[in-house]
Amino acid sequence: MKAGRVVRIGRRDEEGTGSARSGAADQAAAASVDRLSYASGYWGGRQKFVLPAFDRAQGEATVYALDSAPSFNAETVAHAAKVLGVSGKVKPNKGSAGWRVRSKEGTKPEISLSAWGASEISYSSGLENPVWECIDQTVSPDYENYEDVYQECLRTTPQPTEQQARDAMDTVLEAFGIDASTVSVEIVDDDLEYDNTLLVRASRVVDGMASPLSIETTLAHGGILWAYGSPGELVSLGSYRIVSPAEAAERLNFSAFSPELTYVEPVDPEMLPGAEEVEEPTAPAPVPKRGSAVPWSLAEHEIVSARLGMTAVHGPDRVVYAVPAYEFTDSDGSRWSVIALEETSLDLSRSPGGWWW
C-alpha cells in the first residue's frame, strides 16, 4: 500500500467529474483526482470486525492543517459580499464571534464569517427553492392536494444545468478568495439534496488527491440558494509515521479509535426491522425462561480490503486537520475509516468535554 496518498474517505464517485477550470487538459486533470464522498445518515449499534491478514509494513503520510487565521477578518467578508452582490455594511456578529453583512433589499441575502468550526463563510441568497415556491402558490389551504401539486411542481420546475452549477461554484470560489486551480469540483449525487437543486463541492487538492475539506454550494435554476466553507489554506505539518494496515484494522475493534462508517449500501426501507405493517393487535412476548441468554445484538462485519486515505479531525482549539486514515471495506460493500497515525503522534491528553466543532 502506497504511503502519502491523500483521498477522502467514503464512496468513490462516478468517473468523469470535471474541475472549475475549462478545456480538455483541465478536464483530464480533474478526472485524475482521486475523490471520495461521505455516507449520509446515522449507523449505530455494537460492531465486531472479522479481519484478514493485512500487510504489517508501516509507512509515512503527510498531515495538513487548515490555516484560517489570515483570512479571518472583516475584509474577507466585505470582499465576499461584493462578489456575491450582498449590499450593506460589515458588522460584528456577536452570536458567532465573527462578522456579517445583511442586505435590507429584495430577497435580503446575508453572508457571515464565523469563528466556529473551520472559521467558515456562510452565504444565503434569500431565494426560495422554486419547487417549494410553486407548491406554496398552488396547494389548497387544507393541503389535501399536496402530493399531486408536489409532483406537478417537480415536473414543471426547471432543474439547474451542470454548467450553471460550475459557473456558480466559480463565483463562490472568487468570493471566498480561493484559487480555482487549487480545487477539484464535482456535482454531488446526493439522495438527500433538495428538490430540483444541485449540490456542487470544491475539494482542496493536495498531492493530486482531494482532501476532506471543501466548499459547498447549492443552487436552483434561478441561481445560488446558499454556500459555505472555509477560506483558509491547507498547510503541510510534515511527514508522519503511520501504522500498518494490519494494526489499523485491529483498531476497528478498539473503541478508543471510534471507527467511522463512511459508506453503506442502500437498503430497501421495506426490508428494515419493524417496517412491516401489523393490522391486528399483537400481545407482547412472554417472559423468557430462567437462565435464558440476555439479548445483546452484535453486527459482524467481514473486512475484505483496505486502502490509505484521509479524514478531517477537529481540534478543541478549532484547528481542523486533514490526516491519513485507512478505509476498510466489508463483504457487504460498507466502508469504515480509522485514523492511521501512530499513537506517538496523537495528543491523547486533550478531552473534548462536549461538542467543540
Side-chain angles (χ1 to χ4, degrees), residues 8 13-14 16-23 26-27 29-31 33 35 37-38 71 76-88 100-103 105-114 118 120-134 153-154 156-205 210-233:
R8 183 162 44 203
D13 288 356
E14 299 290 338
T17 53
S19 73
R21 300 164 290 178
S22 60
D26 291 330
Q27 291 177 4
V33 174
R35 87 166 65 249
S37 62
Y38 300 105
S71 57
T76 296
V77 182
H79 172 76
K82 180 179 179 181
V83 174
L84 293 169
V86 182
S87 60
R100 75 177 181 187
V101 177
R102 177 180 293 174
S103 176
E105 303 173 357
T107 57
K108 298 183 180 180
E110 179 177 356
I111 190 164
S112 62
L113 175 61
S114 170
E120 288 187 342
I121 294 178
S122 178
Y123 165 68
S124 172
S125 67
L127 295 174
E128 186 176 1
N129 185 318
V131 173
W132 303 344
E133 191 173 21
C134 171
C153 287
L154 278 181
T156 59
T157 301
Q159 289 189 328
T161 65
E162 182 174 325
Q163 188 58 52
Q164 284 179 308
R166 296 189 182 281
D167 291 344
M169 179 55 79
D170 283 345
T171 300
V172 170
L173 292 175
E174 180 185 355
F176 288 16
I178 296 174
D179 185 350
S181 67
T182 65
V183 301
S184 180
V185 175
E186 62 177 323
I187 310 297
V188 181
D189 181 14
D190 189 347
D191 293 337
L192 299 181
E193 196 48 39
Y194 298 96
D195 299 324
N196 287 13
T197 63
L198 285 178
L199 172 62
V200 196
R201 179 177 295 142
S203 302
R204 290 172 172 83
V205 176
S211 78
L213 303 174
S214 61
I215 308 297
E216 296 195 354
T217 301
T218 298
L219 75 152
H221 182 74
I224 298 172
L225 298 180
W226 49 80
Y228 65 91
S230 173
E233 295 185 3

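In plain terms, the two heavy atoms of H221 and P158 that are nearest each other are CB-O, 3.4 Å. Considering every non-hydrogen atom in both S211 and S203, the closest pair reads O-CB, 3.8 Å. When all heavy atoms of I111 and A80 are compared, the pair lying nearest together is CD1-CB, 3.3 Å. The two residues V200 and M169 make their nearest non-hydrogen contact at O-CE, 3.3 Å. In terms of heavy-atom proximity, V205 sits nearest to V183 at CG2-C, 3.9 Å. P231 and I178 make their closest contact through CA-CD1, 4.3 Å (heavy atoms, listed as atom of the first residue, atom of the second, distance).
Side-chain contact between V86 and R102: absent, with no pair of heavy atoms (C-beta onward) separated by less than 4.5 Å. No side-chain heavy atom of V77 sits under 4.5 Å from any side-chain heavy atom of I121. In this structure, the side chains of L199 and E216 come closer than 4.5 Å at one or more pairs of heavy atoms.
How far OG of S124 is from CG of L84: 11.0 Å, rounded to the nearest 0.5 Å. Interatomic distance, L225 CG to N129 CG, rounded to the nearest 0.5 Å: 6.0 Å. Atoms CG and OG, from L113 and S71 in turn, are 7.0 Å apart once rounded to the nearest 0.5 Å. Expressed to the nearest 0.5 Å, how far OG of S184 lies from CZ of R201 amounts to 11.5 Å. Here the CG-CD1 distance, from L127 to I224, works out to 9.5 Å after rounding to the nearest 0.5 Å. In this structure, T217 OG1 and R166 CZ are separated by 12.0 Å, a value rounded to the nearest 0.5 Å.
A donor-acceptor pair shorter than 3.5 Å can be found between the side chains of S87 and S103.
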Is there a side-chain contact (heavy atoms from CB on, under 4.5 Å) between Y123 and V172? Walk through the geometry before answering.
CA-CA 9 Å; Y123 165 68; V172 170; 5.7 Å; no
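Counted within 6.0 Å of CD on E133, heavy atoms from surrounding residues, nucleotides or ligands total more than 12; the atom is thus considered enclosed.
In this structure a side-chain-to-backbone donor-acceptor pair under 3.5 Å is present from N196 to T157.
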